Amino acid sequence: MIKTALGLLLCALLVCCGPKSADAPTPNDDTNLPTTLSKGQPGVVATAGITDWDNLAVAEKNRIKSWNTMFMHQSVGGDLEDGANNNGFKFEYFDLNEKPNKGLSGGLFSASNGDAMGKIADFKKNALTHKAIIKIAIFKFGYADIKDDNVETVKVAYKQLIDDLRSQIPDLRFVHVTPPLIYIATKDEGNAAKMKLGTWMKDTFKDKDVIFDLQEIESNNGACKLGSVWRICDEYRSTASCASKSQGVDAPEGQGHLCEKAANRISKAFLMSIYNAGK
């Protein structure tokens with residue numbers, strides 16, 4: 001009886017104190033994460049995506065750190081990167097020479113704000129340059145890019161961009177971002193056109209890709225508007241009492257950067273969009 005008991009005790013100690021299996025990482029371990037994407041879940045990620053991200057286990061959140069993601073943007077995209085970084089998910093810089101092979105990577109368009117066609121060309125050039133590396137591609141227009149007089153032209157060019165990349169990089173996943181809204185108090189300066197493009201994105205791509213509906217979140221699903229035109233809500237815009245971390249304080253009207261507190265919250269839905277693309 002004594003020998004049997006001692007034997008059982010020795011076995012228990014070996015199981016408990018022996019080396020951990022490599023297949024059982026600790027929940028907070030974000031090293032040696034699998035780089036392979038799963039099937040993914042196409043569709044729209046909006047306000048509910050914030051809570052969905054909060055409810056994910058740490059190990060699930062950390063999976064996106066190993067997925068080579070190419071995010072191209074300016075200004076409001078920087079706000080999203082700042083928010084993601086504050087939440088523990090840093091985007092490393094990339095460009096045509098610096099490879100996006102460190103998981104989450106962010107780069108600025110060389111085309112100026114207001115030059116939607118230049119940004120489309122820039123995105124295609126970067127994606128094809130790094131086609132052997134990237135797994136998820138994210139394009140975000142700026143709030144100055146979409147106007148009433150170019151929205152239809154942009155639709156055609158953007159659809160051609162995605163079709164071309166889908167053909168030349170067959171396994172690439174896409175996250176589309178509805179164009180950010182500006183603050184309007186007296187007259188619309190392009191938000192109606194941005195809404196039109198956002199609706200078109202959802203109708204066109206939601207069956208294949210993920211759409212991060214920034215417009216729904218920053219307007220509280222249209223609760224903030226001028227007439228029938230959505231705008232960014234007061235509590236999300238960059239003001240003296242809550243400035244954008246990287247962009248400073250907006251003008252009284254005509255801009256739409258995110259204050260840091262809002263960026264911290266909204267970026268969770270952005271991260272959830274990336275997760276859905278590869279989960």
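What you see is a predicted model; the values in this text were computed from it and never measured.
Applying the salt bridge (Lys or Arg N to Asp or Glu O under 4.0 Å) test to Lys124 and every residue at least two apart in sequence or in another chain returns Asp164. In this structure, the salt bridge (Lys or Arg N to Asp or Glu O under 4.0 Å) partners of Lys202, at least two apart in sequence or on a different chain, are Asp213. Checked against side chain to side chain donor-acceptor pair (under 3.5 Å), Glu189 has no partners two or more places apart in sequence or in another chain. Residues satisfying the side-chain contact (heavy atoms from CB on, under 4.5 Å) test with Thr204, not counting sequence neighbours, are Lys159, Trp200. Taking Lys140 as the reference, nothing meets the salt bridge (Lys or Arg N to Asp or Glu O under 4.0 Å) condition, with sequence neighbours excluded. With sequence neighbours left out, the side-chain contact (heavy atoms from CB on, under 4.5 Å) criterion links Asp82 to Lys245, Ser246. In this structure, the side-chain contact (heavy atoms from CB on, under 4.5 Å) partners of Asn68, at least two apart in sequence or on a different chain, are Asn101, Ile133. For Glu92, the salt bridge (Lys or Arg N to Asp or Glu O under 4.0 Å) test picks out no residue, with sequence neighbours left out. Partners of Lys125 according to the side chain to side chain donor-acceptor pair (under 3.5 Å) rule, which considers only residues two or more places apart in sequence or in another chain, do not exist here.
Judged by the 6.0 Å distance and 45° axis criteria, Lys61 is not positioned over the aromatic ring of Tyr275.
Judged as a salt bridge (Lys or Arg N to Asp or Glu O under 4.0 Å), the pairs with a partner in residues 263-274 (not counting sequence neighbours) are, in order, Asp54-Lys268. For the salt bridge (Lys or Arg N to Asp or Glu O under 4.0 Å) condition, no pair includes a residue of residues 170-188, sequence neighbours left out.
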Next item on the list: With side-chain contact (heavy atoms from CB on, under 4.5 Å) as the test, would you mind laying out the steps for Arg237 and Leu258 before giving the verdict?
Entry: CA-CA 5 Å; Arg237 60 189 296 254; Leu258 302 173; over 6 Å; no
Next item on the list: Just do the side-chain contact (heavy atoms from CB on, under 4.5 Å) check on Phe91 and His73 with the steps written out, would you?
Entry: CA-CA 12 Å; Phe91 281 74; His73 60 85; over 6 Å; no
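Annotation: Lys99, atom NZ; neighbour count of heavy atoms from other residues, nucleotides and ligands within 6.0 Å does not exceed 12. Other residues, nucleotides and ligands place no more than 12 heavy atoms under 6.0 Å from the NZ atom of Lys131.
Note that the CG atom of Leu181 and the CD1 atom of Ile146 stand 11.5 Å from one another [nearest 0.5 Å].
Looking only at atom types and distance, the side chain of Gln41 has a donor-acceptor partner in the side chain of Lys279 under 3.5 Å away.
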Name the atoms and distances for all side-chain donor-acceptor pairs under 3.5 Å in residues 220-234, with sequence neighbours left out.
| from | atom 1 | to | atom 2 | distance (Å) |
| --- | --- | --- | --- | --- |
| Asn220 | OD1 | Tyr236 | OH | 2.7 |
| Asn220 | ND2 | Glu235 | OE2 | 2.9 |
| Asp234 | OD1 | Tyr183 | OH | 3.1 |

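Phe270 and Phe71 have their aromatic ring centers within a separation under 6.0 angstrom.
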